[in-house]
Number of protein chains: 4
Amino acid sequence: MVKCEKRDEILRAALVLIAEHGFHGAPMALIAERAGVGAGTIYRYFENKDVLIIELFREIEGKIKECILKGYSSESPIRERFLHLNKKLYRYFIDFPLHFRYVEQYHNSPYGVACRRDKILGEADNQDVFLKLFEDGLTQRVLKDLPLLILFSLAFGPMVFAVRDHIFGFFELNDTLIEQVAEACWDGIKR
Amino acid sequence: MVKCEKRDEILRAALVLIAEHGFHGAPMALIAERAGVGAGTIYRYFENKDVLIIELFREIEGKIKECILKGYSSESPIRERFLHLNKKLYRYFIDFPLHFRYVEQYHNSPYGVACRRDKILGEADNQDVFLKLFEDGLTQRVLKDLPLLILFSLAFGPMVFAVRDHIFGFFELNDTLIEQVAEACWDGIKR
Amino acid sequence: MVKCEKRDEILRAALVLIAEHGFHGAPMALIAERAGVGAGTIYRYFENKDVLIIELFREIEGKIKECILKGYSSESPIRERFLHLNKKLYRYFIDFPLHFRYVEQYHNSPYGVACRRDKILGEADNQDVFLKLFEDGLTQRVLKDLPLLILFSLAFGPMVFAVRDHIFGFFELNDTLIEQVAEACWDGIKR
Amino acid sequence: MVKCEKRDEILRAALVLIAEHGFHGAPMALIAERAGVGAGTIYRYFENKDVLIIELFREIEGKIKECILKGYSSESPIRERFLHLNKKLYRYFIDFPLHFRYVEQYHNSPYGVACRRDKILGEADNQDVFLKLFEDGLTQRVLKDLPLLILFSLAFGPMVFAVRDHIFGFFELNDTLIEQVAEACWDGIKR
DNA sequence: GATGAATGAGCGTTCATTCAT
DNA sequence: GATGAATGAACGCTCATTCAT
């Protein structure tokens, strides 16, 4: 599947350049060069730069979901489910720092806003594992009686800062620490 | 003072455009037009675009600090100090959503990283109110025994998500809710 | 080779515009227009305007050297060698007046000074035909015992004025006259 | 005469900046600053930058003439007159290197061409001391039978190179050397 | 008369996108 | 299908000149 290899190379090159230098620090010509393809070739796989950026985000999002859902059971107790998702996410971002930085860049851009709006206002079948978890937690009266988005913020907001500081080398986020942060977040949302 | 009015117009125009469209969505020519000045005029007040961006950040940072320190006493109990800072910050960002969006953009850029690095690795006398608070909290054994940066993440990470969702209109962040979130964050960091 | 044609068109356009209007009288946009290419195309061949200017000089310098060395033998008597170089150079500049004006502009610019410094302070193996000639002339005690740079000035200084006045049409510099000027210069440097 | 002091300061500032950095390296604002006047003030004394440049050249030209004509007698023998002018000119340029560099820049610009054209095609009463000297030399059959402009080139062309190399520090042009070069130039033009 | 803040045309340069090969 | 040379609009920035004070 030669075609897909090229597409993957382009996505990989875009990931590295954008994660490290931001959207404007990643000209199409450089992405092409890094991917080992011609500049025009990118446009065979992606309509334009915006589409490339959005599709790359979707791919990363998909990988993240796949990873954190491994071993996840929506039948388990709320606490367990929460800790599972939280810790897996920490591990993922620490293992794939470029993904973290890309996703961060993405969310701080016009794309990100639209994306978030879609997700939140999206249809039920498209619903997030996270929101499902919090809904269950509310129903079971295990979590504080707060809006879903607030619970989400309390649960995953700290991660953005913590992972960023870890990636930039301000401190070391090891397994013990991840465990502790996850527990602390649980303290924040549990009733 | 006519001179300062012009400078302020430029800063205000930059704030609006950058907050709404990002750094690249705010060309100097547009900032000038919106500020009602000639393109070259900006350069009488700011050496270049980078300097404009950095000075705007510093001005906002100053206003934020001034606001949240109003009525703040570093002699009060940790809990009270924390809730004061946390709630004031929520209020500030809700009252000045453009400031919030600007600061967010800023922190997700080379400027922001350098700035964060300076702040974290800064000298003790230059220290942040926030870090001071957490240090005191650790000394008094009121807070969980976690690295300062983790405590910071737990305390203020949720705000980024919550305020963003509020500004984008996904839900209403009223005083009651702010109170509850602040308390929840306290639950996250208190021993 | 189509590629080189474009590069040559750019160099030719730059030559004409700079020779006639100076470095600032030759904006890149105008060079591009005259060369029949897009403005950005220039940058595929030359890193920036400075590089374009320098490379154009090197090309001209190369052509000059190639031309004047045709039929030149460093084994001939000093006088013959001198007259050969001198007259060939006159002919060249009369045949390519744009080259003359370009080289003049170049030498009266930061580029030119640096270039001259390099040439003068250059290593022996890199040495100029002219300096070699004067060194030989000194060794053989055929020339006045003066510094090399003075001999050079005496030998080629007059050419700058004479060719310039010819090009601007103030008088006609024909073969007889060239012969006479060359002889007069020889009178100036010979012992 | 306060007004003239300001005018002189402007001319002096322009001289230094243009001599050292060229016409484009000398923005009006910088000239004004260096002259200790407001930017707009320059336009009270000079219609625009071109006029300033031209008038500065005229002033320098006047000073040069005044200097070299000191002790000059058009009744003296040709050789003596020539050596007098030649050596005085060397001395002048060595004493006022900024004047030399300014005049050089000027001659390599659209201004210079027009200026030279005017002088050469100018009326008899406006005639140059130099041309007068060569005319006399021809009449007296002391000089080679060559066009005036050629004689001029032979006589003063070497100076441009020699002084330039001296100013840039490539060698030291002392009194003995000046004497020798002047004599060598005489050898070039004398019959 | 003197000022210097303000101007905006024009510069060198970049880069997403196209299209002939 | 793949290429990469070519494009030109748009960028950040400079500076000769103007004009209200």
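Lettering of chains follows the sequences in order, A, B, ..., and the numbering in each one begins at 1. All figures in this text were calculated on a predicted structure; none of them were measured in a lab.
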When the distance from CD1 of B:I42 to P of E:dG8 is rounded to whole Å, what number comes out? 13 Å
Closest-nucleotide 5' rank along DNA chain F - winner of B:F23 and D:P27: B:F23
Is there a side-chain contact between D:L30 and D:E33, using heavy atoms and a 4.5 Å cut-off? yes
Can you tell me the Watson-Crick or wobble partner of F:dG8, both distances under 3.5 angstrom? E:dC15
Would you kindly compare A:T41 and C:G40 by the position of their nearest DNA chain E nucleotide and give the one closer to the 5′ end? C:G40
Between CZ of D:R7 and P of E:dG1 the distance, given in whole Å, is 15 Å
May I ask you to say whether D:E104 pairs ionically with D:R164, meaning some side-chain N is under 4.0 Å from a carboxylate O? yes
To the nearest angstrom, how far is D:E33 atom CD from E:dG4 atom C1'? 12 Å
A:M28 near the nucleic acid: base, sugar-phosphate alone, or nothing, with a heavy-atom cut-off under 4.0 Å? base
Do any of residues 46-58 of chain B sit with a heavy atom less than 4.0 Å from DNA chain F, and if so which? B:N48, B:K49
Rounded to whole Å, how long is the line connecting atom CD1 of B:I31 with atom C1' of F:dC11? 12 Å
Counting only side-chain heavy atoms from C-beta out, which of E:dT3, F:dT3, E:dA6 sits nearest to D:V37? E:dT3
Partner of E:dT21 under the Watson-Crick or G-U wobble criteria, both distances under 3.5 Å, comes out as F:dA2
F:dA6, F:dA5, E:dT3: which one has an atom nearest the side-chain heavy atoms of A:A39? F:dA5
Are D:F23 and D:Y111 close enough that their ring centers fall under 6.0 Å? yes
If we check side-chain contact (heavy atoms from CB on, under 4.5 Å) with A:R12, which of these qualifies: A:L56, A:I31, A:L98? A:L98
Separation of F:dA6 atom P from C:I10 atom CD1, nearest Å, is 8 Å
Calculate the interatomic distance between B:R44 atom CZ and E:dA5 atom P; express it in whole Å. 5 Å
Rounded to the nearest 0.5 Å, what separation is found between the CD atom of A:E9 and the OG1 atom of A:T41? 12.5 Å
Nearest whole Å is fine: how far is E:dG8 P from B:L30 CG? 16 Å
Measure from the ring center of B:H107 to the ring center of B:Y102 and say whether it is less than 6.0 Å. no
Starting the side chain at C-beta, find the nucleotide from E:dT7, F:dG4, E:dA2 nearest to B:K6. E:dT7
So does A:Y45 get a side-chain nitrogen or oxygen closer than 4.0 Å to the phosphate oxygens (OP1/OP2) of F:dA2? yes
Are D:E55 and D:R7 close enough for a salt bridge, meaning some N to O gap below 4.0 Å? yes
So, do D:F96 and D:I60 sit near enough that their side-chain heavy atoms are less than 4.5 Å apart? no
Start at the 5' end of DNA chain F and walk down; is the nucleotide closest to B:A29 or to D:A26 reached first? B:A29
Roughly, in whole Å, what's the span from OH in D:Y43 to P in E:dA5? 16 Å
